[in-house]
Amino acid sequence: MNAIEPAGARILVVDDEPQIRRFLGISLRTQGYHVTEAATGREALEVMSKRGADLMILDLGLPDLDGRDVLLAVRAFSAVPVLVLSARSSETQKVALLDAGANDYVGKPFGVQELSARLRALLRARPASDVPAVFDDGSLRIDLGLRHVWRGSEAVVLTRKEWGLLALLMQHAGQVVTQTQLLRDLWGPTHTGDTHYLRILTAKLRAKLGDDATDPRYIATEPGVGLRFLG
Amino acid sequence: MFLVAALICGRLANHLHVQLLEVQAANARTEALKALSQRLAVAVSEGDIGGAATSALREVTGAEAAFVSMQQSGGRLGEPRALPEDAAVDALTRMAAKACLDSVGDGGEAHPMRMDFGWWCLPLVAGEQRLGVLCLRFAEPLSVLPTALSSLAQLMSRSVADALARVRLARELEASRVRAETERLRAALLSSVSHDLRSPLSTIIGSAESLKLFADRLSVEDRATLAADILGEGLRLDRYIQNLLDMTRLGEGAPALPREWLDLEESFAAATARLKRSSPLHTVEARLDWRPALLFAHPALLEQALFNLLDNAAKFSPAERPLQLTATRSDDEVVIEVVDRGAGIPAEARERVFDMFYSVEQGDRGPAGSGLGLTICQGVVAAHGGSIEALAGEDGVGTRMRIRLPYEAPPAEERDAA
């Protein structure tokens, strides 16, 4: 089992607001995580290079360094999952952060439940080289390795593109995958503006999985940012 | 004898010919002057005026013509600016124009003046105000302007100056009207912001302090209630701030909205999910008549507009009556409606509900609202080239908010897109 058990995982919280570090510390420790805190970008880089962490929660508005620079500096030596906290900025900025190596983001203000769900998803995520994931919630079974989808006892036939989309989302289950990345990987770099391709493909895939866009169980849309596999 | 007669006749004919030419020229000038005053009468900008004046001058004189506008404040003249914007007028010409107007002085007479670089300049003066200069340059430099041309030029410059003064006055009046309106809005915004930020803050501060002071004496239920109130009011503050941010996103001078193809069904889902969090008791019945419901729009702002409509409907509607959220499409239009069975809006107030701070101007009656929600809807819809209106609901009960957005089919899908 490569995945880190949520309980016991070491989380580095980087935020210059002591109140935010405090309530994050309290609620994360209560859930069984080990929490280290950093108030500046330099402190965060020091902790990461000396002791490391299993996950980093990174606020973007730091007094000494730009959060994006911290992200890039960490990415230079570590693949640690990074969850970005951002005071609700534009969708373009969120996409830029995800493209710069962040694994997910939560907009400030955020709820503890939402944050915890994201943390669990990030800690569960496996490297892409790992055994292909199998998803089974009782009514839908997806085996990416065998390329099989079953709805109950009925086999579902997916097109090549539908498979591609489902696989990309499932490899990052629980995390948002930007639509630029999806369009680039599925149609090529000249099609990153053809968002209607993605909408049409998503609608077809949802229909085949028995998912409902108005109350998605499997594939959720983050408006203007990307898609997220909820499994 | 014959020769003399021929000579006399020839001279006579020549003389008549010259007279005829002069009459024709005078007619042409009168016509040009008439055409100019017609164009000036409908001019709404200095660019219009510059265009009309220079083309009229070019037509009657055959010379190169330019219009240079200047603003006078106190006794000083501002930067000379050539108009219309696309006219090719070099810096030397603008300098000549400025020198001409400088030499006129306050309330001076407006005679054509011969300036450097071969320009003849006609100062444009109305009353005490020096407004600009019309410039003329002949292919063969003239040392003296012919009388006919000079008087025509003066006539033209007088009507151009009058038109300029009129356009500038209108612009100043508009600017002061906008300033007054901005002031009024700013005052309303400040009072609304402080009111709307403070009410939830009072609950948050009061509840948190109660928790801190009386923690050990409070029952478990009371503690839970206080904590829930802090959370709820915090979320309300967040929604309000989001609205304020959206206002600035939609504000004047904002760059064109970045749009993309979205699935309206997903926007419905996102807005409905948010309503579930803020008004857990209300339900929404959503219906779309095409799938996937592709629309070229700004996803976050459209979702915000839909949420604001639902939120507004929920505030004034009993929870047991589901809100209807529908979208229908024709070849060139998408119509989105939110229908509630609430108290409804009196016919005379249906246009005003979109005004900024409308609910605030109504005082503290009714459920709390910032008075920004519907204004934002209108802003979002307008930014997408659409319109929004408030109508009576089904059978005259409640309200039907109707958004109309222009629709264009997506570009043909690549064959193997799916």
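Not measured: the values here are computed from a predicted model. Order of the sequence lines sets the chain letters (A, B, ...), proteins ahead of strands, with each chain counted from 1.
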Would you tabulate the side-chain donor-acceptor contacts of residues 294-302 of chain B under 3.5 Å, counting partners in other chains and residues two or more places apart, or write 'none'?
residue: His298(B); atom: ND1; partner: Ala300(B); partner atom: N; Å: 3.4
residue: His298(B); atom: ND1; partner: Leu301(B); partner atom: N; Å: 3.1

| query | Using non-hydrogen atoms only, which part of Thr92(A) is less than 4.5 Å away from chain B: side chain, backbone, both, or neither? | reply | neither

| Within residues 378-386 of chain B, which positions have a heavy-atom distance to chain A below 4.5 Å? | none

| said: Surrounding CZ of Arg321(B) (heavy atoms of other residues, nucleotides or ligands, distance under 6.0 Å), is the total greater than 12? | reply: no

| field | Interface moiety of Glu303(B) toward chain A, non-hydrogen atoms closer than 4.5 Å | value | side chain

| Would Thr195(A) and Glu260(B) count as a side-chain hydrogen bond (donor to acceptor under 3.5 Å, both in side chains) if you check the C-alpha gap in whole Å, the side-chain angles of each, and the deciding distance to 0.1 Å? | CA-CA 6 Å; Thr195(A) 41; Glu260(B) 61 179 56; 5.3 Å; no

| Interface residue of largest heavy-atom contact number with chain B, from Gly193(A), Pro216(A), Gly224(A), Ala203(A), under 4.5 Å | Gly224(A)

| request: Kindly check if the number of other-residue, nucleotide or ligand heavy atoms within 6.0 Å of CD (Gln113(A)) is above 12? | output: no

| said: Is it the case that atom CZ in Arg287(B) sees more than 12 heavy atoms from other parts of the structure closer than 6.0 Å? | reply: no

| Is atom CD of Gln19(A) surrounded by more than 12 heavy atoms (other residues, nucleotides or ligands) closer than 6.0 Å? | yes

| message | Looking at Arg259(B), I want to see if its CZ is surrounded by more than 12 non-hydrogen atoms of other residues, nucleotides or ligands under 6.0 Å. | response | yes

| request: Name the region of Glu222(A), side chain, backbone, both or neither, that has any atom closer than 4.5 Å to a heavy atom of chain B. | output: neither

| remark: In short, Arg199(A) meets Asp263(B) closest at the heavy-atom pair CD-N, 3.3 Å

| note | Minimal heavy-atom distance between Pro109(A) and Asp238(B), with the atoms involved, is CD-OD1, 3.2 Å

| Got a salt bridge between Arg206(A) and Glu265(B), using NZ or NE/NH1/NH2 to carboxylate O under 4.0 Å? | no

| Over 12 foreign heavy atoms within 6.0 Å of NZ, Lys276(B) | no

